[in-house]
Amino acid sequence: MGLPLVRSRATVAARTAERIAEGDLKAQVRPSGQDEIARLAASVNAMADALGARLEAERRVTADIAHELRAPVAGMTTAVGLLPQDGRRNW
């Protein structure tokens with residue numbers, strides 16, 4: 001394996017990492033061989049997968065929190081709507 005091929009594989013891994021940094025979590029490097037560049041390619045893929053899993057978990061937590069807050073906020077909104085507009089107490 002010559003030096004230009006190693007540089008080319010390293011360049012492909014670097015460009016894929018840049019795509020991942022830009023938000024393309026589906027970008028993958030095709031590892032070939034058993035050298036450091038192949039390990040780098042596998043690591044870039046693992047990083048993208050882990051980042052995607054973390055972002056998905058964050059989305060789920062955010063959605064769960066939003067769901068749990070809807071009912072109390074709706075209740076408070078209804079209660080505020082029932083308050084007298086002139087500021088007097090009617091009880």
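Heavy-atom basis, side chains included; hydrogens, waters and symmetry copies ignored.
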From the list Val44, Thr16, Ile20, Asp49, side-chain contact (heavy atoms from CB on, under 4.5 Å) with Gln28 holds only for Asp49

Return yes if some donor-acceptor pair links the side-chain N/O of Asp24 with the main-chain N/O of Arg19 below 3.5 Å, else return no. no

Tell me the closest heavy-atom pair linking Ala38 and Pro31, and the distance in Å. O-CB, 3.8 Å

Do you know which two heavy atoms are closest between Ala48 and Ala27, and how far apart they sit? CB-O, 4.3 Å

Just wondering, are more than 12 heavy atoms of other shown residues or ligands nearer than 6.0 Å to CD in Glu56? yes

With heavy-atom distances below 4.5 Å as the criterion, would you say the side chains of Glu36 and Leu40 are in contact? no

Sub-4.5 Å side-chain heavy-atom contact between Arg9 and Asp35: yes

